[in-house]
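This is a predicted model, so every value here is computed, not measured. All chains are named by letter (A, B, ...) in the order of the sequence lines, taking the proteins before the strands, and each is independently numbered beginning at 1.
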Amino acid sequence: MKKYLLLAIILLAIILRFWQLGKNPPSLYWDEVSLGYNAYSILTTAHDEHGKFLPLINFAAFGDYKPPGYIYAAVAPIALFDLSEFAVRFPSAFFGVLTVVLTYFLAKKLFENENVALLASLFLAISPWHLQFSRAAFEGNMALFFSTLGIYLFLKFATDKPYYIFLSAASFLIALYTFTGQRLFVPFILLILLIQFRKKVLANIKLVVVTAVASSIIFWPLFKFATFTIEGRLRFNEVTIFKDLAPIDDSIRFRQTDNFSPLSNIIHNRRFFFAHQYLIHYFDSFSPSFLFSNGDVNPRLSIQTVGELYYYDLILVVAGIYFLFYTKSKYRFLIIGWLLVSPLGPATARETPHALRMIHILPTYQLIAAFGLYNLYGLFKFKKLFVTFSFLILTFSFLYYLHMYYVHYPRQYASQWQYGYRQAVKITKNHYNLVDNIIVTSQLGRPYVYFLFYMKYDPIKYWNNAKIIKDQFFFFDVASFDKFHFSNAPLDEKIEGKKLYIVAPGQLPKNAQDIEEVRDPNGQTVLEIGTVN
Amino acid sequence: MSPKTRMKIIILLLIAITIVFKQAPKSQACDVYAAKRAIPPRIFYEQTIDGNNQPVLITRFLHNKIGIFASEVAKCYFNVIAPNAMYAGAGIFGVIFEIYLAYKLVLWKKWYILIILLLLPFAPFFNIFENQIYYMHKLFALFGLAVFAIKK
């Protein structure tokens, strides 16, 4: 019976992740397109979009130096399903389903209880947080699978056979090479694991040291890039609170008020101001509004109308934490430690709470909630009433989420997913041979990659004729390739011959002909297209 | 009194001082009137997206006044109980000792006190203690500190 329940949960996870995968979210975000085109470039030429042969440390892409894991994972789906939205999102959905399965085995290992394991995997299967990232090409979601697998295999090392430590290390390394956010998670979770299983680690110290040394050698190139190069530090420096000047200004202002006395230099030390900022960002990660009410403020990372968890999770998570301690659960330190260290890295960034950067906190909430529900069930006298009531609340919450995700979300937030480029490229293809130049507005962001992607543009041709500029933030900006010219002010471009303009509403030249419009699902015009002789 | 005990008392007093003198920010307006005001635009917007093709019963079931009002109440409540609200009101030690107090109350099964603690954050929603809400965190943190001092 329980085997069938697990199969039903896996089937549910598959349906929720793969149904309308290419259609909702309504369009590909630029990072997804970039991942897809780089994978396509690897598939067809064994080089990335900039012509670098099989990159192992990073893909330069927009100048954001993406880790390679997801791009290589997308190669096979693109070979199978062609260069499409479905193929690009396939690895994320696939690893999303695998994470649901893994959660079952992890929970079974942690709680030694099949019912809790089934509940935990069910909770992850229907989790708004996990579904949001499983249904778009997010590297973080794939890395989540590998970091969770690393934790599971470490448990296997501690409880079954010592050689699992190699596989655990390999999983963590793949996670590190897949998502930048993992670089500030893996060291902390390893520390938690080492403390939890210190006796086992000490008993197998030689094996652990050999694994650590081998892992360090494999990790070294990435570490070197992330730490010692401008490009590697770029993104961190861009988002971190520790580059803000406000805390330093505040520190000076406070000390000035105290005439720079020695005591004031200690009390109003800038490190305290930074620590204060860091704590605010850390506590943000546990904001109940973020968790249960609105979710992440970025509409790409949450549907805004439902939290990262459901409302009922509030009771279950609190109950779960209580029962973890009350029952003196064997692995309570690991589970609570995992929960508490997950936001340590993301809290260094300005935007908090950030659902993507701390996605590795999953599936702790689901594990705790499952344990809470199971133990609450044990407490209640009227068990049938409890089950019926829980089922009704869970079903209503889940159906409401589905309604908001499939009916409201694509209409309300299409613009957040750069909606309009696919339709624009389709129209462009009809005009391509009839015009000399195609001038595209950059206002929707990084248009070049959409034309490469949807036209399946030959990467070798692209390397040879692309005009790429490195901006002041070290990002790559493509000014033109082939007949395409990209500009923030398309009408100011001095280009001869017959032209096709793809511009923001109201920006077409007055003498434009064959005018077509691209409208979003709400009926708003996002792009206007017309030719000029 | 042994020097060790004296040292402990001094440390606890210092922690109490940091909790008491933590400068509390002004609380944001989030009350019953704000929640009521949010209902008409939200209900109109959400029902418009559902459109005419969807059965009215489903639309009413998913987007109704009670649901929207409840979600607004939840937002206000969460604003008050958020860890950042505790931190803003009572500082880092405040957060630790407030959580400690709640944990101890659960362990001791003092459900009535716990329910009062959990219901108090609803007060600002009804314009009661709306400007004193951060002081409530100070108070709870000090209770937590006192419990800790007695236990240790």
Side-chain angles (χ1 to χ4, degrees), chain A residues 254 267 272 275-295 304-307 309-312 314-315 318-319 321-326 328 336 340 343 347 352-353 396-397 399-414 521-523, chain B residues 18 21-23 25 28 30 35 42 45-51 53-55 58-59 61-64 67-68 70-96 98-100 102-109 111 114 118 121 137:
Chain A
F254 277 65
I267 295 172
F272 288 135
H276 173 66
Q277 284 302 316
Y278 180 78
L279 284 172
I280 289 173
H281 288 276
Y282 179 79
F283 289 133
D284 259 348
S285 310
F286 299 106
S287 153
S289 298
F290 163 74
L291 291 174
F292 306 107
S293 179
N294 308 332
Q304 308 294 301
T305 39
V306 174
L309 308 170
Y310 294 107
Y311 278 117
Y312 63 77
L314 176 60
I315 296 164
V318 172
I321 292 171
Y322 168 71
F323 286 116
L324 276 177
F325 287 98
Y326 182 75
K328 293 195 168 61
I336 300 294
L340 294 178
T352 52
F396 174 74
S397 307
L399 289 179
Y400 180 73
Y401 165 75
L402 286 184
H403 172 78
M404 296 311 281
Y405 187 83
Y406 284 98
V407 179
H408 289 247
Y409 186 60
R411 288 190 62 177
Q412 280 179 274
Y413 298 107
N522 252 344
Chain B
T18 63
F21 289 101
K22 173 82 174 71
Q23 216 171 14
Q28 291 169 339
C30 196
R42 258 187 77 178
Y45 187 57
E46 289 179 4
Q47 291 193 353
T48 307
I49 288 178
D50 278 13
N53 297 331
Q54 185 174 282
I58 295 178
T59 307
F61 185 64
L62 293 169
H63 310 290
N64 53 61
I68 293 171
S71 82
E72 293 296 323
V73 175
K75 275 181 202 169
C76 294
Y77 182 73
F78 289 153
N79 280 347
V80 180
I81 62 157
N84 250 336
M86 293 181 200
Y87 180 60
I92 182 68
F93 294 115
V95 178
I96 294 165
E98 252 192 280
I99 293 169
Y100 179 78
Y103 174 66
K104 282 291 172 193
L105 288 174
V106 173
L107 275 191
W108 295 335
K109 299 199 166 108
W111 303 119
L114 196 72
L118 290 174
H137 287 304

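Contacts of A/Phe325 with chain B are made by side-chain atoms alone, with heavy-atom separations under 4.5 Å and no backbone atom involved. Within the 4.5 angstrom heavy-atom criterion, atoms from both the backbone and the side chain of A/His408 approach chain B. Heavy atoms closer than 4.5 Å to chain B are found in both the backbone and the side chain of A/Tyr400. Only the side chain of A/Phe396 comes within less than 4.5 Å of a heavy atom in chain B; its backbone stays farther off. Using a 4.5 Å cut-off between heavy atoms, A/Ile321 makes no contact with chain B at all.
Every residue meeting the side-chain contact (heavy atoms from CB on, under 4.5 Å) condition with B/Leu118, not counting sequence neighbours, appears here in chain and number order: B/Tyr77, B/Leu114. Applying the salt bridge (Lys or Arg N to Asp or Glu O under 4.0 Å) rule to B/Glu72 yields the partners B/Arg42, B/Lys75; only residues at least two apart in sequence or on another chain are considered.
Side-chain contact between B/Glu46 and A/His403 is absent, with no heavy-atom pair separated by less than 4.5 Å.
For A/Phe286 and B/Tyr87, the distance between ring centers is not under 6.0 angstrom.
To the nearest 0.5 angstrom, A/Arg411 atom CZ is 9.0 Å from B/Asp50 atom CG. The OG1 atom of A/Thr352 sits 8.0 Å away from the CG atom of B/Asn84 when rounded to the nearest 0.5 Å.
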Test B/Tyr45 against A/Gln412 for side-chain contact (heavy atoms from CB on, under 4.5 Å), laying out the working first. CA-CA 10 Å; B/Tyr45 187 57; A/Gln412 280 179 274; 2.9 Å; yes
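Contact detail for A/Leu279 and B/Ile92: the closest heavy-atom pair is CD2-CD1, 3.9 Å. A/Pro288 approaches B/Pro83 most closely through the heavy-atom pair CD-CD, 3.9 Å.
Heavy atoms of other residues, nucleotides or ligands lying less than 6.0 angstrom from OH of A/Tyr312 number more than 12. Within a 6.0 Å sphere centred on CZ of B/Phe61, heavy atoms belonging to other residues, nucleotides or ligands number 12 at most. Within 6.0 Å of atom CD1 in A/Ile267, more than 12 heavy atoms from other residues, nucleotides or ligands are found, so the atom counts as buried in its surroundings.
Using bins of under 30°, 30° to 60° and over 60° for the plane-to-plane angle, the ring pair B/Phe78/A/Phe292 lands in the tilted bin.
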